[in-house]
Amino acid sequence: MKKYTEYKGLNLPEVDKEILKFWDENKVFDQSMNNRKDAPTYVFYEGPPSANGKPGIHHVMARTVKDLFCRYQTMKGKLVERKGGWDTHGLPIELSVEKELGITKEDIGTKITVEEYNTKCRETVMRYKDMWDDITVKMGYWVDLDDPYITFKNDYIESVWNLLKRLYDNGYLYKGYTIQPYSPAAGTGLSSHELNQPGCYRDVKDTSAVAQFRVIKNEDAKFLFDHADEDVCFIAWTTTPWTLPSNTALALGKKIDYVKVSTYNAYTGKPVSVILAKALIKKWFKEGADELDFDAYQQGDKKIPYRIAAEYKGEQLVGLRYEQLLPYQQPEEGDAFKVLHGNFVSTSDGTGIVHIAPSFGADDMMVGKQNGMGALTLVDKQGKFTDNVGEFSGRYVKNYKDNPDYKNVDIDISIKLKTENKAFNVQKYAHNYPHCWRTDKPILYYPLDSWFVKTTKAKDRMVELNKTINWKPAATGEKRFGNWLENLQDWNLSRSRFWGIPLPIWRTADGAEEKCIGSVADLQAEVAKSVEAGHMDAQIADDFDLHRPYIDNIVLTSSKGEPMKRELDLIDVWFDSGSMPYAQWHYPFENEEKFKANYPADFISEGVDQTRGWFFTLHAIAVMCFDSVAYKNVVSTGLLQAKDGRKMSKRLGNTVEPFKALDDYGADAIRWYMMSNSAPWENLKFDLDGVEEVRRKFFGTLYNTYSFYALYANVDAFYNKETSVPLAKRQEIDRWVISLLNTLKKEVDEDYANYEPSRATRKIMTFVDEHLSNWYVRLCRRRFWKGEKNEDKIAAYQTLYECLTTVAKLMSPVAPFFADFLYKNLNDATGQEAFNSVHLADFPVVDESVIDKDLEQRMNYAQRISSLVLSLRKREKIRVRQPLTKILLPVLDKAFREQVEGVKDLILSEVNVKSIEYITDTAGIITKKIKPNFKTLGRKLGKHMKSAAQVVAGFDQDIIAQIEQSGSYNFEVDGESIPLTLEDFIITSDDIEGWLVANDGPLTVALDVTLTDDLKAEGIARELVNRIQNIRKNKDFNVTDRIKVSIESHDALKPAIEQFGEYIKDEVLAVSLDLKAGVQGAEEVDLVDGLVVGILVER
RNA sequence: UCCGAUAUGGCGCAAUUGGUGAGCGCGUCCGCCUGAUACGCGGAAGGUUGCUGGUUCGAGUCCAGCUAUCGGGACCA
C-alpha cells in the first residue's frame, strides 16, 4: 500500500520542478484538453508578445491572469484551447536591428539591401524565444507553443490581406494625408516613438512674429469699424514665421473675450486697431500706455499709447474675413482667409488668436478640414520654399544643409512684414522644440501621404457593440475605452518602413486606377494578366514571400494596360495583432469550422495600456469586417510597479528579475501574491517580502496541515477506504468545517466566474489559515493521535481529507504546482479519484444541504467566547494550563443559550475551564447598555434620528429592562408616537457586578478565577505533561514511543502526581511515572513561578 | 490641457454598496499557546479616511471644486 509522502520541509521551487517533470512526462496539459474534446468551448485569445525583448516580471502577472481563468474553465468542464502567438513585425524590431548593424533608415536599400535587412529582422525577432519559452514553462503558464501563430508567416499575411480587402471593398480604406513630424534633413517622417527619445525636445531661440491680418470691411464686419478709413487687424503670434505665406485661416475661441485696441504700429507709426484676447493686453502693451496722449505720439517712442475701443465675444468674430497676409499663392480649393473657432485656442500664450497653416500643424489641419478650408504647402520635402514664393523661392526655412552663409528666413520675412505695415511685434523667443534624433536639425510638421481606415464610419456600431462586452474593471470599458471610441479619429495605417505586412494596393502612376489584393490567388491572377501585358516576365510561386522587397517587384496591369505599382507603405503592426482571431487559423482560406467554433473569444486579458492597442484593433476589425465583437469578457490588468510605487526601470535599479524570483520563491507564491494582494486591474506594488509572507502564511500553513494529516494518517493507515461516516454522526466541529468548506466552494466558484481572483484567493487563505488550521485542526488534534481508529477518528480523517482535496482544487487555477502536489500526495495514496492530476479534476460542486449558517454562527460564538476568556486570563496572569472552575455568560436571547450549549465542550477545552454558568438578569447583577440600531431605526425616524439617539443614550437600566420584557417602545416626537420594536435597539451586557468581565460586541464573559488546591494540582500536572512532551520532542522520540518518566521529588509536585498520575502517564504515553529523590541524568526544567524540577525521560 | 484610475495608521490592503466605537495583515514592543520545522492567540503603540464645501437624521462610501501620484491622449501656435 502506498503511504502518504512525508516531507522534511516545504520547498516550493522543488515542488515546481517535481510537478513540471510530472506534467511533462504525462502530458497533463494535453490530457486536460483531450478529456474535454467534445465539451463546449471556452475561447481564449493570446495577445502575442514580441520575442524581441526579454520577458519581465510584469509578464508573469499578466499571464497568471490569463492562465488561471483558462484552468478554471477547464475544471468547469469546458474545452479551453490556448493557441500561442508571436508578434514579429514593427518599429522596435527595426530599430534594434538598425542599432545592431550601425545603420540608419536611409542606409536601407543603399548600404544594405532590403532583402538583407529583412532577413536580419526575421532572425532577430525571435531572439529571446528560448527565454520566453523558459519562463512560460517555469511560471506554469499553459499555452500551446508547439503550433503558435506567427505574424510574419505568409499564411498570416494572406489572412490580413483578406481583411484589408474586405475593408477596401466596403469603402473603409482611403488615401489622404496627415501632418506628421518630418525631418527634412533626413528626408523621413518620424514616429512618435522617435520623437520621444531623450534629448529630442530642446530649448531654442527663434524669431517670433505677431502679424497683423487686415479685416475685410464687408456687411458682417461693419460693427468692428468706428470710421470709414479705420485699419482693423487681427493679430496672431507665431514662432515659425516661415509658415505665414501658407496661412489660410485664423482661429480663436468662441467663449474667449476679445477687445479692439486703438494704437500705433511700432514699426511704421501708423494708427491701427488690433483685435486680441482681453486677457493678453498686458502682454503686448506697456503699463500706463493707455493713459498717454494719442496726439503726442511720435514714431519711435518707447511707450505707444493705446485705448480699448470695444469688446467682443469670440463668437461674434467667427466667420469674418481678412486679407491674405503674403499673397504669393492662392489655395486651389476651399474657402480660405476666414476666422474660425478652434477648441484648442487658449489665452496662455500669444494673442488668443492662432495663425492657421493647415499643412504645417496637426491642429491646423484638423480645424481646416472641419471648416472646409483650403491649404497651402509652400515648402517642399527638402525643407525649402517652393518656386512660387516670390523672393523667398528656393530658400531653406531652416539651415538644413549646414550652409555657413545661411540667412535666416524667419528674420527676412519679419523684416518684410515690418516694412509692409503687417508686423505688430517681432522678437526673439525661447521655447522647446523637437529635433530629429539623427541629424540634430529641427523637425517640421509636414503633410505626408497615408492610407487610412475610416474607423469613424463604424464609430456608432463600435460604441454600441462595446456595451455588450464585459469589461473588468467596468470603468475601463465604459469610460476609458468608451470615451476613446466616442472621439475616434480615422486610423492611420501607413508606415514607411521595411519589415512588416505590405499594403496590398497597386496603383497606376496617375492614381486613376487602383487594385486591392485579397489573397495570393488573386495576386497570381493579376500577375498572369501582367505577364500577358508584358509588365512582368513570369508568374510568381505559390510560396512567394509576401514581404518587401519581393512584393515591390510585382507590377500589375491596369484595364488600359498601364503598369501599376504597389503603394510602398507597410501597415501598422497593430493591425497584425488585431487580425489574430482570423489569421491564426489562416481564415478564410482554411479552417473555416475551427474559426467559427473559436469566434468570438470568451476571454482576453492584457495590460491596460492595450486599451488603445490590441483591445481596440481587435474590436475595430471585428466590427468593421464581421459586425461582431471579438471578445465577450476582457480583463485589463494594471501596472506592475516597484515596491516604492515607482516604475520599474533598469536605470533606477529597482527591477525584479523574473527568473531569479521564480527560482527563489517558486511560481505559486508569486502568482498567489499577485492575485491576492489586490484586484488585477489595480496597480501592484511588487514586493518580494510580500511573496515571502504568502509563502509562509498560506503555503506554509497548508503544507503543515497536510504534514499533520500525513503523519497520523500513515500511523493509522487511513486511506479513506472506510465507508464515509454520515455527517449526522460526525462531531459538531466536523459539520462546521464542512459547512464552511461548501460556502467556500460556492463563493470561490462565483468569484472565478466573475473574474475576481483576489476575492477568491483571499477567501481560500482565510479558510485555510483561520478555520482549517487554527481552529479545526488545532481543536481536533487529539482526535488524530489519541486512541483507537474508531468511527470518530475516521470521521476526523475524512473531514480533513475532504477539506484538503477540495482546497487543492479550489486553489489550483492560481497555484497550479502546489495544488497538484497536494492533490497528488493525497489522491495517489487513497486512489479516491481517477485523475492523476488536480488539473484533470472537476471543479468542486457545492452541496447546499450541508451549509448550516446557524452552526457557523455557533462556532463563531465559540471562537469569540474563547478569545474573551483568554484575554481575561491574560489580564489576571493566569496561564492557560491552569484549569479554572467556571465561566459566567449573560444570556443574550433564547437561541443564544442553545447555541453556546452546542459548542460548550469546545470552549471549555480550548480555554481550560470546567463549566459554563448562564445568567439571566433576574439577579439584577448585569449592567446593560443600549444603543439605537441605526439601520432599522433610521428608516423609521428619518430626521428625528438625532434626537432619538440622545433620548436612547439617556435610558437607564429600568427602561432597558422594560424594553426587553415588552419588546416594544413608543417613541414620542413632535406630538407623534412612533412604535419601535426590540429590533430597533442593540442591547448589550456591559458589566457583571463583582466579576471580571470582557466584552466583544454583544458578547460578555465573566471568569471565576478562584483557585482551589485541586485546581492547582491539576495545573501542575498539565505543566508536567507539557515539559515531558517537550523533552520527548527534543530527544526525537517517535510519537508512538512508550516512555519511562522519573521526576526529582518535590513537595509541590506530590498532590499533582497523586491525583493526576494516571492522566499524565496517559497523555505522554508513559509506562511508568516515578517521583523519587536523586534521579540520575535528569533535566532541570522551570515548571511554574520559579519552581525548578528535574525530569528524566527514557525510552 | 483633456480623459481615466488612485488617495484609508510606518508599509500593503478591507469596510456587506449610505447605518455610526474605521477592520485585517506586515512591521515594532510585551506576554502566551503549540504532540504541527507552520501558524496562531492576548495586550500595547499607531487614523481629523488627501483638502474644502455640499446633500442627508447619518458620509470612508453620494455630489461639486481643488491637490497629489500614476497611466493614456492632445498640444507646445
Side-chain angles (χ1 to χ4, degrees), chain A residues 7-10 201 208 236-240 243 251 342-346 348-351 353-357 360-364 431-434 473 475-476 479-481 483-484 487 608-609 611-612 638-639 641 643 645-647 676-678 681-685 687 689-690 693 696-705 707-709 711-712 758 762 766 768-770 773-775 777-778 781-782 784-786 866-867 870-875 877 879-881 931-939 941-949 1025-1026 1029-1030 1032-1033 1037 1039 1067-1069:
Chain A
Y7 297 86
K8 286 236 157 63
L10 175 62
Y201 276 83
S208 74
W237 176 62
T238 180
T239 55
T240 53
T243 60
N343 56 11
F344 50 86
V345 179
S346 75
S348 59
D349 271 321
T351 62
I353 299 173
V354 178
H355 141 64
I356 301 290
F360 302 112
D363 264 347
D364 304 43
H431 65 151
N432 204 252
Y433 197 82
T476 300
K479 302 275 180 73
R480 197 176 171 145
F481 194 61
N483 289 352
W484 160 258
N487 300 315
V608 67
D609 49 318
T611 313
R612 286 143 170 83
L639 255 74
Q641 303 167 320
K643 66 177 173 186
R646 288 191 296 180
K647 209 189 256 191
S676 62
N677 190 69
S678 56
W681 40 87
E682 305 278 4
N683 292 349
L684 174 65
K685 292 177 189 115
D687 187 357
D689 290 344
E693 190 187 325
R696 262 189 12 243
K697 250 180 88 96
F698 178 62
F699 290 98
T701 304
L702 188 52
Y703 159 79
N704 231 46
T705 308
S707 297
F708 174 86
Y709 170 86
L711 177 65
Y712 293 107
S758 54
R762 284 172 185 178
T766 305
V768 166
D769 199 37
E770 283 178 25
S773 171
N774 280 301
W775 193 252
V777 174
R778 179 182 155 90
R781 273 179 304 212
R782 297 176 68 90
F784 293 93
W785 55 262
K786 281 289 278 190
S866 301
S867 168
L870 291 173
S871 92
L872 286 170
R873 278 182 173 275
K874 160 77 188 175
R875 216 192 293 166
K877 293 192 167 45
R879 58 192 68 231
V880 179
R881 288 197 205 91
K931 208 171 70 168
N933 181 354
F934 284 91
K935 203 162 188 173
T936 65
L937 211 51
R939 272 182 215 125
L941 297 181
K943 60 177 125 175
H944 301 307
M945 204 51 230
K946 217 167 215 167
S947 52
V1025 169
N1026 171 255
Q1029 299 289 29
N1030 286 346
R1032 280 186 67 120
K1033 203 166 155 188
F1037 290 1
V1039 289
E1067 285 292 310
V1068 303
L1069 299 183

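Just so it is clear, the model here is predicted, and its values are computed rather than measured. Letters A, B, ... are given to chains in the order of the sequence lines, protein chains preceding strands, and every chain is numbered from 1.
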Send over the distance from [X] [atom1] to [N] [atom2], rounded to a whole Å.
X: A:Asn1026; N: B:rC32; atom1: CG; atom2: C1'; value: 12 Å
X: A:Asp687; N: B:rG27; atom1: CG; atom2: P; value: 12 Å
X: A:Glu770; N: B:rC24; atom1: CD; atom2: P; value: 10 Å
X: A:Arg781; N: B:rC41; atom1: CZ; atom2: P; value: 14 Å
X: A:Trp775; N: B:rC33; atom1: CH2; atom2: P; value: 17 Å
X: A:Leu639; N: B:rC70; atom1: CG; atom2: P; value: 11 Å
X: A:Asn774; N: B:rG25; atom1: CG; atom2: P; value: 12 Å
X: A:Phe481; N: B:rG72; atom1: CZ; atom2: P; value: 17 Å

### Of A:Ile353 and A:Leu711, the one whose closest RNA chain B nucleotide lies more 5'
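Final value for this comparison: A:Leu711.
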For the side chain of [X] and the backbone of [Y], is there at least one donor-acceptor N/O pair under 3.5 Å apart?
X: A:Tyr703; Y: A:Gly9; value: yes
X: A:Asn774; Y: A:Asp769; value: yes
X: A:Asp364; Y: A:Phe360; value: no

Phosphate OP1/OP2 of [N] contacted by [X] side-chain N/O (<4.0 Å):
X: A:Asn677; N: B:rC13; result: yes
X: A:Tyr712; N: B:rA36; result: yes
X: A:Lys935; N: B:rU16; result: no
X: A:Arg696; N: B:rC39; result: yes
X: A:Lys685; N: B:rC13; result: yes
X: A:Ser707; N: B:rA36; result: no
X: A:Lys697; N: B:rC39; result: no

Ignoring the backbone of [X], work out which of [options] is nearest its side chain.
X: A:Val777; options: B:rC70, B:rA36, B:rA14; answer: B:rA36
X: A:Thr701; options: B:rC13, B:rC57, B:rC39; answer: B:rC39
X: A:Glu693; options: B:rU6, B:rA36, B:rG25; answer: B:rG25
X: A:Lys931; options: B:rG21, B:rC70, B:rG4; answer: B:rG21
X: A:Arg480; options: B:rC39, B:rG4, B:rC13; answer: B:rG4
X: A:Ser678; options: B:rG4, B:rC13, B:rA36; answer: B:rC13
X: A:Gln641; options: B:rC57, B:rA5, B:rC70; answer: B:rC70
X: A:Asn704; options: B:rA77, B:rA38, B:rG73; answer: B:rA38
X: A:Arg762; options: B:rA14, B:rG4, B:rG40; answer: B:rA14

### Task
Could you check whether A:Val608 gets within reach of a base, just the sugar-phosphate, or nothing at all, counting any heavy atom under 4.0 Å?
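Here A:Val608 touches no strand at all.
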### Message
Within the 4.0 Å heavy-atom criterion, would you say A:Gly938 contacts the bases, only the backbone, or no part of the nucleic acid?
### Response
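Counting heavy atoms under 4.0 Å across all strands, the contact made by A:Gly938 includes a base.
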### Query
Under a 90° cut-off about 0 for the syn range, is B:rU17 syn or anti?
syn
Using the [atom1] atom on both, measure [N] against [M] and round to a whole Å.
N: B:rG25; M: B:rA68; atom1: C1'; value: 27 Å
N: B:rU48; M: B:rG65; atom1: P; value: 27 Å
N: B:rG10; M: B:rG18; atom1: P; value: 29 Å
N: B:rG47; M: B:rG9; atom1: P; value: 10 Å
N: B:rA64; M: B:rC11; atom1: P; value: 29 Å
N: B:rC70; M: B:rG50; atom1: C1'; value: 15 Å
N: B:rC13; M: B:rA22; atom1: C1'; value: 14 Å
N: B:rA14; M: B:rU8; atom1: C1'; value: 10 Å

Using purine N1 to pyrimidine N3 plus N6-O4 or O6-N4 for Watson-Crick, or N1-O2 and O6-N3 for G-U wobble, both under 3.5 Å, which nucleotide pairs with [N]?
N: B:rU49; answer: none
N: B:rG4; answer: B:rC70
N: B:rC62; answer: B:rG54
N: B:rA44; answer: B:rU28

Heavy-atom check, side chain of [X] versus side chain of [Y], under 4.5 Å:
X: A:Phe699; Y: A:Leu10; answer: yes
X: A:Met945; Y: A:Pro932; answer: yes
X: A:Val777; Y: A:Phe708; answer: yes

### Message
For a quick test of reading the model, state the closest non-hydrogen atom pair linking A:Thr476 to A:Val608 and the distance between them.
### Response
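That would be CG2-CG2, 4.4 Å.
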### Message
Which heavy atom of A:Asn677 sits nearest to which heavy atom of A:Arg762, and what is that distance?
### Response
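Result for this residue pair: O-NH2, 2.8 Å.
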